[in-house]
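Written out below as structure tokens is the structure these notes cover.
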Amino acid sequence: MGNKRDIKIILAPILIFLVFLLSIIGFRQLLGSSFSLPGAIYSTLFFFILNNVDPHDVTSNIYLLIARYLAAIMFGYGIYSLLYKYIYNVFARLKIRYGYRNHVIVFSMKLVGADFFADLLTNNYKVILVEEPSENPYFEKVKKDGAVVFKTDDYGTRLFDTMYVSHASACVVAFEDDSKNIELSLKLIKYLREKGHKHTVRVLMHIDERNNMEVIKDYADISNAEENFELELFNIYSAAAKKIYDHFPPHNYFDFANPDNENAIAIVGYNEAAEDFIIENIILSHYQDGHNIKIYLADKEADNHLNHFMHKYPFCREFVDIIPVKLLNNKFFANFNWSKELIEKLSKVRAAYFFGDEGSELINMAARFRQFLSGQGGNYLVAPIVICFPEDTSIMKLLNVERENMQRLTHVFKKQLNISFVNMVADTCTSSRLLEESEYIDLLSRVINYYYAIKYQFGVTLKEHFQVADPSGLIQQVEDKLLELSDKHAHLSEREIETMVLQSIATYTKMPVETLKPVFGIKKQWDELSYHNKSSNRYAARHLAVKISIMKNIGCLPLTRENILHSFPVIAPVEHKRWSAEKMTLNYRYGFLPEDRAAKNVAKEILKIHDQLIPYDKLAEIEKEKDLNLFLLMPLLNSLKVEIKK
């Protein structure tokens, strides 16, 4: 792309030079002894405005004719260049106005990368890119591939109207500066509120600084009573950690049938993604045996990294056992400070995850670790190795030169050495991961929240606002119908669940569904949640795969109500431990809650105090039931299907 621009820069002065050269030659031939160089140059200048001041018939001279044509071309190109931006913007506005709905708007491609756009367009998304006015060779490629590009730093109502923001499916705000992302996201939210369009636009805001992320999650009060936007935060390192956990979860490789197996994993190297991956394990790696997952943290500064992590998360030992392993080199060679017992245990990890900032070093270390395992005997290829590969892709491109797909390095490593690669940006900033998979998790999360709202909140609302004296019978009826839906339908949508609930309430209260939906709708219940409570439901949804694995391991499949109730003593403590880990990671602490509703809300939502952060056997029976509820909901969650609009 850059070459084309360079050609344009060089070609213009060459054409101008040729016009003058040919013109001077032509005038000299035509005028003979009366030829004047200043006069010829002056006359040539008029060629560029298509004005012929030639004292004779210039068409009789081939040089003058060519010069005039070249000047006309230059004139036309100049007009085109001046009008191109205007013409493109008019065309883009018309294209968006009449053809774009449920499109994706991306503010800056610096973080998400050009591959993100290629992936969106390949998957038939309509895409708009908004970039600051600067030269970037990828802009023209993105345009050519079908995206609409606006170069501007004026992020206001006029631009938002032009892009039909209120009709988009998602806005990805991904500048490198957190403050700019926050400012722009607030502008988008304000715009969507003022528009009042009944269409939810997901605003995905990238936040780089961890402290910024925590403060926004803890204290940002961005309510959405009108249901016209959904604010989500994302971070490249955190997204990579989630991707690795969801696609290569430790429980896939554990052997729970053999009590002698330690069921440990190794984390080799340490960076922000590694830290986030440990947090993922704190929240999600809870199993039927009740034991903490064991993590061997191998790095040359392992002790310092562990101290740093425990300084930030002092409660972590309640949920994971982290053993620091100091590496003397990155070859896993002659580490004589390791005890025989440590070498033996490290050689029996069920999976190893590699993190770092240099791709070539990670490839070497992963290969050497496999070499280390081979030296310890046994089947050294059993334990998978997963590399969180940074975006220094030049080394990978070089290694894959002139290789077909089946011979590419990533495929060879996977097939022959059981080593998988997860690219930090390219595999996390994709349409499937950033938009579709997250929408599926949100679907599960909304239904989970809806179930708890039906069970514990609808009764109060019916009493206080709809004068239903005793709603307990109605609530039980709705809950039973909800849990039975999966028995009658193999596939369910969010709308079908909501329709059943609203219709049941309407039949009982004799009130129209239209009146009930603004109060008891799924989206209404979801949009009233704080960011932390939404995160809590999302973690519960992401733990669904682990729960299914637990049910399989304890012999409680298929997922029926009878099997779930029978396994209650085993599975309910698992969910309570997971919930406790999640709450503590999200900065909650144990404490008593006041009786007053307003004071209680302040304690829970602002101070992050919760009175249920206690061992499972200390819980009241009604609280134990809450831990069982999520398992009872699993058959329904398994039947849900998400619809992605493009």
Side-chain angles (χ1 to χ4, degrees), residues 207-214 235-245 248-250 262-285 292-339 341-343 345-366 368-369 372-373 383 385-392 422 424 428 581 584-587:
I207 296 295
D208 184 53
E209 289 292 331
R210 193 174 297 271
N211 287 331
N212 289 344
M213 180 81 78
E214 291 196 3
N235 171 274
I236 296 297
Y237 293 104
S238 178
K242 286 182 170 69
K243 166 85 174 183
I244 292 170
Y245 192 93
F248 304 95
E262 193 174 44
N263 286 334
I265 64 172
I267 293 178
V268 183
Y270 194 86
N271 60 8
E272 289 185 59
E275 181 175 314
D276 284 323
F277 186 66
I278 296 174
I279 293 171
E280 292 294 301
N281 280 278
I282 289 175
I283 297 175
L284 297 172
S285 293
N292 290 349
I293 185 173
K294 187 166 288 187
I295 299 174
Y296 290 97
L297 179 59
D299 189 84
K300 63 181 179 180
E301 299 290 341
D303 290 311
N304 290 337
H305 292 319
L306 178 56
N307 290 335
H308 169 77
F309 186 84
M310 291 189 65
H311 177 76
K312 296 173 69 174
Y313 307 98
F315 55 85
C316 67
R317 290 209 182 276
E318 295 182 34
F319 307 106
V320 293
D321 296 332
I322 306 177
I323 299 94
V325 179
K326 182 178 177 62
L327 292 181
L328 297 181
N329 52 70
N330 63 3
K331 308 291 186 187
F332 294 91
F333 178 77
N335 282 281
F336 296 116
N337 66 324
W338 293 359
S339 67
E341 180 184 9
L342 181 59
I343 292 174
K345 288 188 174 183
L346 192 60
S347 68
K348 292 181 180 179
V349 294
R350 308 297 295 184
Y353 303 86
F354 281 69
F355 298 88
D357 299 321
E358 294 184 19
S360 55
E361 182 180 24
L362 288 173
I363 294 172
N364 280 328
M365 288 185 70
R368 301 294 76 77
F369 184 71
F372 161 77
L373 294 179
I385 294 175
V386 181
I387 298 176
C388 182
F389 200 74
E391 290 304 302
D392 56 345
V422 174
M424 181 79 74
T428 58
M584 295 186 76
T585 304
L586 296 175
N587 293 325

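All residue numbers in this chain count up from 1 along the given sequence.
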Using every non-hydrogen atom in the two residues, find where [X] and [Y] come nearest and quote the distance to one decimal.
| X | Y | value |
| --- | --- | --- |
| Tyr245 | Ser285 | OH-OG, 2.8 Å |
| Pro324 | Ala302 | CB-CB, 4.0 Å |
| Ala274 | Asn271 | N-OD1, 3.0 Å |
| Ala383 | Ala351 | CB-N, 4.3 Å |
| Ile387 | Ile363 | CD1-CA, 4.3 Å |
| Ile244 | Cys388 | CD1-CB, 3.7 Å |

Point to revise | Matching residue for Tyr237 among Glu272, Lys242, Glu275 - test: side chain to side chain contact (heavy atoms under 4.5 Å, CB included) | key: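 Between Tyr237 and the candidates, side chain to side chain contact (heavy atoms under 4.5 Å, CB included) is satisfied uniquely by Glu272.
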
Kindly compute the distance separating [atom1] ([X]) from [atom2] ([Y]), expressed to the nearest 0.5 Å.
| X | Y | atom1 | atom2 | answer |
| --- | --- | --- | --- | --- |
| Leu342 | Ser347 | CG | OG | 9.5 Å |
| Phe355 | Met424 | CZ | CE | 8.0 Å |
| Ile265 | Ile278 | CD1 | CD1 | 8.5 Å |
| Asn211 | Met213 | CG | CE | 11.0 Å |
| Asp276 | Asn281 | CG | CG | 11.5 Å |
| Ile322 | Ile282 | CD1 | CD1 | 6.0 Å |

**Study point:** Verdict with reasoning, Lys345 to Ile323, per side-chain contact (heavy atoms from CB on, under 4.5 Å)
**Key:** CA-CA 11 Å; Lys345 288 188 174 183; Ile323 299 94; over 6 Å; no

Exercise for review: Start with the C-alpha gap between Glu262 and Lys294, add the side-chain angles, then the distance that decides, and say whether salt bridge (Lys or Arg N to Asp or Glu O under 4.0 Å) holds.
Suggested key: CA-CA 8 Å; Glu262 193 174 44; Lys294 187 166 288 187; 3.0 Å; yes

Can a donor-acceptor pair be found, under 3.5 Å and without considering hydrogens, that links the side chain of [X] to the backbone of [Y]?
| X | Y | answer |
| --- | --- | --- |
| Asn329 | Phe332 | yes |
| Asn263 | Arg350 | no |
| Lys326 | Lys300 | yes |
| Tyr353 | Phe277 | no |

Exercise for review: Test side-chain contact (heavy atoms from CB on, under 4.5 Å) on Ile207 and Asn235 and set out the steps.
Suggested key: CA-CA 6 Å; Ile207 296 295; Asn235 171 274; 5.8 Å; no

Check your understanding: Taking atom types as modelled, is there a side-chain donor on Asn304 or Glu301 under 3.5 Å from an acceptor on the other?
Key -> yes

Review point. Who pairs with Tyr270 by ring pair (Phe, Tyr, Trp, His ring centres under 6.0 Å), at least two apart in sequence or on another chain?
Key: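 Ring pair (Phe, Tyr, Trp, His ring centres under 6.0 Å) check on Tyr270 returns His305.
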
Point to revise | Candidate pair Ile385 and Phe248, rule side-chain contact (heavy atoms from CB on, under 4.5 Å), full reasoning | key: CA-CA 10 Å; Ile385 294 175; Phe248 304 95; over 6 Å; no

Review point. Does the side chain of Ser238 reach to within under 4.5 Å of the side chain of Ile279, using non-hydrogen atoms?
Key: no

Check your understanding: Side chains of Phe319 and Ile283: does their closest heavy-atom pair fall under 4.5 Å?
Key -> no

Practice item. Just do the salt bridge (Lys or Arg N to Asp or Glu O under 4.0 Å) check on Arg210 and Glu214 with the steps written out, would you? Key: CA-CA 6 Å; Arg210 193 174 297 271; Glu214 291 196 3; 5.9 Å; no

Exercise for review: Measure up the Phe315 and Tyr313 rings against each other and bin them: parallel (under 30°), tilted (30 to 60°), perpendicular (over 60°).
Suggested key: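 Ring orientation of Phe315 relative to Tyr313: perpendicular.
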
Review point. Does the pair Val320 and Ile293 meet the rule for a side-chain contact (heavy atoms from CB on, under 4.5 Å), with working shown?
Key: CA-CA 5 Å; Val320 293; Ile293 185 173; 3.5 Å; yes

